Novice: 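My structure is below; once you've seen it, I'll send some questions.
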Amino acid sequence: MNEAEGNEGLRDFIRDRVQADLAAGKYPGVVTRFPPEPNGYLHLGHAKSICLNFGIALENDGICNLRFDDTNPVKEDTEYVDSITEDVKWLIDGWADSVLSEKTFFASDYFEQLYGYAVQLIQHGKAYVCELQPDEWEEYRGVPEKPGKESPGRSRSPEENLALFERMRAGEFADGDKTLRAKIDMASPNLHLRDPVIYRIRHEEHHHAGDQWCLYPMYDFTHCLSDSIEGISHSICTLEFEVHRPLYDWVLDNLPVPQPRPHQHEFSRLNPTYMVMSKRKLLQLVEDNHVSGWDDPRMPTIAGYRRRGFTASAIRNFCQRVGVTKYKGVTDVSLLENAIREELNKTAARRCAVLDPLEVVIENYPEGESEELEAVNNPEDEAAGKRSVPFGRRLFIERADFMEDPPKKFFRLGPGREVRLRYAYFITCQSVEKDAEGNITRLICTYDPETRGGHAPDGRKVKGTIHWVSAEHAVDAEVRLYDRLFTEPEPEATGDFLECLNADSLKVVTGKLEPSLAELPAGERVQFERLGYFTPDAKDTAPEKPVFNRIVGLRDSWAKIAKK
RNA sequence: UGCCCGAUGGUGUAACGGUAGCACGACAGAUUCUGGUUCUGUUUGUUGGGGUUCGAAUCCCUAUCGGGCAACCA
């Protein structure tokens, strides 16, 4: 077995099954597939599936096909084909790109072959044309406890069925007039086996197949045969397809497909807290403008996370930690946040930015002068080196770092208190200036020149260290502070998920940034010290007007204490 | 009341008949020029009842609870 990077020792019931199949010599090799329908953007749930399918291929020297399951032209679009392709490549880049099939597959490329299989089914008396109308369906299908009724078309001869099926293809009938059904068992306790529809008429142009067809195969008929055509060994999908498995097996067992044939395995889908994961609901968020688009940084889409500043490796890591089982639980978002913080703590350069500025004047600092101070780029990575930051008489500090009447555990600035300005000097607050309404407008402080660099020669200590920027040198930037999109851990469990939309999921502020941040290229991620991890917004940032996204905040134990 | 699937700390997951472990969270402490990071410690768990066995989270039966299935969606 190939030691796939980061995947060593990964075990779950599907991987166990793959190993058992290999040991038994059931398949010559492992071929998996990731089969999205191009009717929406990929989200975190898809990421889990991608990590599983590509991961298993990677660990077993196999391959994984990207295949679009595009059998429903009315819902699908090339916009989604393009976004999905981009997202998959981004997510596996540098990890499993070597096992991605060279070509991209489309189920619609198999339509002719699928048609041939359907003809064979008809010839063997295993499929028939049905003219039941939609309103008659419920009556004929029956309910789980009671058998259904046979369609009048069920007893027609193969010759007649074949002739009708050809005329369906030729476009002689209107949408909904006729269907092709598999002849299985109208009394089965599994409704999917009660003569399921395998072809329906849709006079509709297809985004990939063009206008060649007015007859489209259904998922259950298409998916298993597409797997078979591509030589898939393990067809991995989510739990809701479990009841479809007997149909998957029926189709492959009743047609002369190559052996060994693929088998379906189901796992439970990802269900993170404070998110909705259904494509329908995500589409609604986009269409009703609750978010700016599929790639809004608050969306749980791959595109959203990418724009927000998440790394592919953090998402993969998260998927790995979540595990693979058949138990339907909820996954705490803190697991995802931990994954991205853990990575960025090691890799992101530190910078200073003040997001809610309060002016500070150092009254004993010479007017009109400034100096450069040395700051460490990343305490977790010595190789990241140092930079210099300008210091002057007028500064900005965070409004939350000053309290006029501080409680005992508040370690920051207050009247008469001394704190350290990170990498600079100790300062002491001498007086507070206010406007007519009593709002604090300015702090008058003094600094101790002996503490340059942040240490006092007399060995005295300060309780707190705060960040700052020089007012004279600061760069203004729009900073977008994202929070969870929903206020409830399980928005879908409440009556209407839109009712628990978080009104504060986006706050936009104008921050004061240290000058080195002025032209940070998109794709770079930095830590604003004591605040969180940030990245320039790939779409909106510009050299003269930087725009930053907050990827995730730092853990904030003061916020916890302050709450009490 | 039909069929299928599932159930291990707050959450997710491991233990494949032999000491219930890991991650995240929470709490407490230490370290710290980020109330970050790091380190240490604490807390909490095998759904109930029967059985098989020297021994059961694991195998069997049963109850309970939860989820899924009745688109010409995937």
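Since the structure is predicted, the reported quantities are computational estimates derived from the model, not experimental observations. Letters A, B, ... mirror the listed sequences (proteins, then strands); counts begin at 1.
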Novice: Can you identify which nucleotide, out of U37(B), C72(B), G2(B), has its nearest atom closest to the Thr179(A) side chain?
Specialist: C72(B)

Novice: What is the distance, rounded to the nearest whole Å, between atom CZ of Arg11(A) and atom P of A14(B)?
Specialist: 10 Å

Novice: Can you tell me whether the base of A71(B) sits syn or anti, using the 90° cut around 0 to define syn?
Specialist: syn

Novice: Rounded to the Å, how far apart are His467(A) NE2 and U34(B) P?
Specialist: 13 Å

Novice: Counting Watson-Crick and G-U wobble pairs only, both distances under 3.5 Å, name the nucleotide matched with U34(B), or none.
Specialist: none

Novice: Taking the six-membered ring for Trp, are Phe111(A) and Tyr216(A) closer than 6.0 Å centroid to centroid?
Specialist: yes

Novice: So which of Glu266(A), Gln264(A), Glu230(A), Arg33(A) actually passes side-chain hydrogen bond (donor to acceptor under 3.5 Å, both in side chains) with Ser235(A)?
Specialist: Arg33(A)

Novice: Can a side chain N or O of Arg141(A) be found less than 4.0 Å away from OP1 or OP2 on C69(B)?
Specialist: no

Novice: For Glu138(A) and for Lys75(A), locate the closest nucleotide of RNA chain B by heavy-atom distance; then report the residue assigned to the nucleotide nearer the 5' terminus.
Specialist: Glu138(A)

Novice: Considering only atom C1', compute the distance from A74(B) to U52(B) and round it to an integer number of Å.
Specialist: 45 Å

Novice: So, is Arg321(A) close to the C24(B) phosphate, meaning a side-chain N or O under 4.0 Å from OP1 or OP2?
Specialist: no

Novice: Taking atom P in both C5(B) and U43(B), compute the distance separating them and give it to the nearest angstrom.
Specialist: 39 Å

Novice: Under 4.0 angstrom, heavy atoms only, what part of the nucleic acid is His223(A) near: base, sugar-phosphate, or nothing?
Specialist: nothing

Novice: Taking the minimum atom-to-atom distance to the side chain of Tyr219(A), which one of A74(B), C72(B), U34(B) wins?
Specialist: A74(B)

Novice: Which whole-number value in Å describes the distance from Phe241(A) CZ to C5(B) P?
Specialist: 18 Å

Novice: Between His244(A) and Tyr219(A), what is the ring plane arrangement, given parallel below 30°, perpendicular above 60°, and tilted in between?
Specialist: perpendicular

Novice: Is there a side-chain polar atom (N or O) of Arg181(A) under 4.0 Å from OP1 or OP2 of C72(B)?
Specialist: no

Novice: Picking from G35(B), U34(B), U13(B), which would you name as closest to the side chain of Leu554(A)?
Specialist: U34(B)

Novice: Would you call Arg321(A) and Glu342(A) a salt bridge, taking side-chain N to carboxylate O under 4.0 Å as the test?
Specialist: yes

Novice: What integer number of Å spans the C1' atoms of G9(B) and C22(B)?
Specialist: 13 Å

Novice: Rounded to whole angstrom, note down the P distance from A23(B) over to U40(B).
Specialist: 10 Å

Novice: Less than 3.5 Å between a donor and an acceptor, one on the side chain of His192(A) and one on the base of A71(B), is that the case here?
Specialist: no

Novice: When you compare the side chain of Thr451(A) with that of Arg420(A), does any pair of heavy atoms fall below 4.5 Å?
Specialist: no

Novice: If the P atom of A15(B) is compared with that of G6(B), how far apart are they to the nearest Å?
Specialist: 16 Å

Novice: Which of the following nucleotides, A74(B), G36(B), G68(B), is nearest to the side chain of Arg200(A)?
Specialist: A74(B)

Novice: Do Trp558(A) and Phe411(A) make the cut of ring centroids closer than 6.0 angstrom?
Specialist: no

Novice: Would you indicate what Tyr216(A) reaches in the nucleic acid, counting non-hydrogen atoms under 4.0 angstrom: base, sugar-phosphate, or nothing?
Specialist: nothing

Novice: Measure from CG on Asp220(A) to P on C69(B) and round the result to the nearest Å.
Specialist: 13 Å

Novice: Going by purine N1 to pyrimidine N3 plus the second Watson-Crick contact, or the G-U wobble pair, all under 3.5 Å, which nucleotide sits opposite G2(B)?
Specialist: C69(B)

Novice: Between Asn190(A) and Val243(A), is there a donor-acceptor pair closer than 3.5 Å when you use the side chain of the first and the backbone of the second?
Specialist: yes

Novice: Base, sugar-phosphate alone, or nothing: which one does Glu529(A) contact when heavy atoms must sit under 4.0 Å apart?
Specialist: base

Novice: Can you tell me if the side-chain N/O atoms of Thr465(A) get under 4.0 Å from OP1 or OP2 in G35(B)?
Specialist: no

Novice: Report the distance from atom CG of Leu191(A) to atom P of C4(B), rounded to the nearest whole Å.
Specialist: 13 Å

Novice: With a 4.0 Å cutoff (strictly under), does any side-chain N or O of Arg67(A) reach OP1 or OP2 of A74(B)?
Specialist: no

Novice: Taking OP1 and OP2 of U13(B), is either one under 4.0 Å from a side-chain nitrogen or oxygen of Thr325(A)?
Specialist: yes

Novice: Please tell me if Arg530(A) has a side-chain N or O lying less than 4.0 Å from either OP1 or OP2 of G35(B).
Specialist: yes

Novice: The side chain of Tyr327(A) is closest to which nucleotide in this list: A7(B), C69(B), G36(B)?
Specialist: A7(B)

Novice: For A26(B), take OP1 and OP2 only and decide whether either is under 4.0 Å from a side-chain N or O of Lys560(A).
Specialist: yes

Novice: Side chain of Arg350(A) only, please: which of C73(B), U11(B), G36(B) is the nearest?
Specialist: G36(B)

Novice: If you go through the side-chain atoms of Glu380(A), does one of them form a donor-acceptor pair with the base of U38(B) closer than 3.5 Å?
Specialist: no

Novice: Is the backbone of Ser268(A) close enough, under 3.5 Å, to the side chain of Lys48(A) for a donor and an acceptor to pair up by distance?
Specialist: yes

Novice: Given the side-chain rings of His223(A) and Phe241(A), with only the six-membered ring counted for Trp, is the space between their centroids under 6.0 Å?
Specialist: no

Novice: If we take the C1' atom in both U62(B) and G41(B), what is their distance in whole Å?
Specialist: 43 Å

Novice: For A74(B), which nucleotide is its Watson-Crick or G-U wobble mate, given both distances must be under 3.5 Å?
Specialist: none

Novice: Would you kindly give the CD-to-C1' distance between Gln264(A) and C4(B), to the nearest whole Å?
Specialist: 13 Å

Novice: If you measure from the C1' atom in G49(B) to the same atom in G25(B), how many Å do you get, rounded?
Specialist: 34 Å

Novice: Closer to the 5' end of RNA chain B via nearest nucleotide, is it Asn345(A) or Arg245(A)?
Specialist: Arg245(A)

Novice: Tell me what Arg412(A) touches on the nucleic acid: a base, only sugar-phosphate, or nothing, going by heavy atoms under 4.0 Å.
Specialist: base

Novice: Name the nucleic acid region contacted by Tyr140(A), choosing base, sugar-phosphate or nothing; use a 4.0 angstrom heavy-atom cut-off, strictly under.
Specialist: nothing

Novice: Could you go through the ring pair (Phe, Tyr, Trp, His ring centres under 6.0 Å) check for Phe165(A) and Tyr115(A) one step at a time?
Specialist: CA-CA 10 Å; Phe165(A) 191 50; Tyr115(A) 182 86; 4.8 Å; yes

Novice: Of all the nucleotides listed (A74(B), G35(B), A26(B)), which has the minimum atom distance to the side chain of Arg555(A)?
Specialist: A26(B)

Novice: Starting at atom CE of Met186(A), determine the distance to atom C1' of G2(B), rounded to an integer number of angstrom.
Specialist: 15 Å

Novice: At 4.0 Å (heavy atoms only), tell me whether Leu531(A) reaches a base, stays on the sugar-phosphate, or touches nothing.
Specialist: nothing

Novice: Choose from U34(B), A74(B), C72(B) the nucleotide whose nearest atom is closest to any side-chain atom of Val197(A).
Specialist: C72(B)

Novice: Between A7(B) and C16(B), how far is it from one P atom to the other, in whole Å?
Specialist: 16 Å

Novice: C16(B), G6(B), G35(B): which one has an atom nearest the side-chain heavy atoms of Asp16(A)?
Specialist: C16(B)

Novice: Once you round it to whole Å, what is the distance between P of G25(B) and CG of Asp556(A)?
Specialist: 14 Å

Novice: Students often get this wrong, so: under 4.0 angstrom with heavy atoms, is Ile466(A) touching a base, only sugar-phosphate, or nothing?
Specialist: nothing

Novice: Among C73(B), G35(B), C3(B), which nucleotide sits nearest the side chain of Phe411(A)?
Specialist: G35(B)

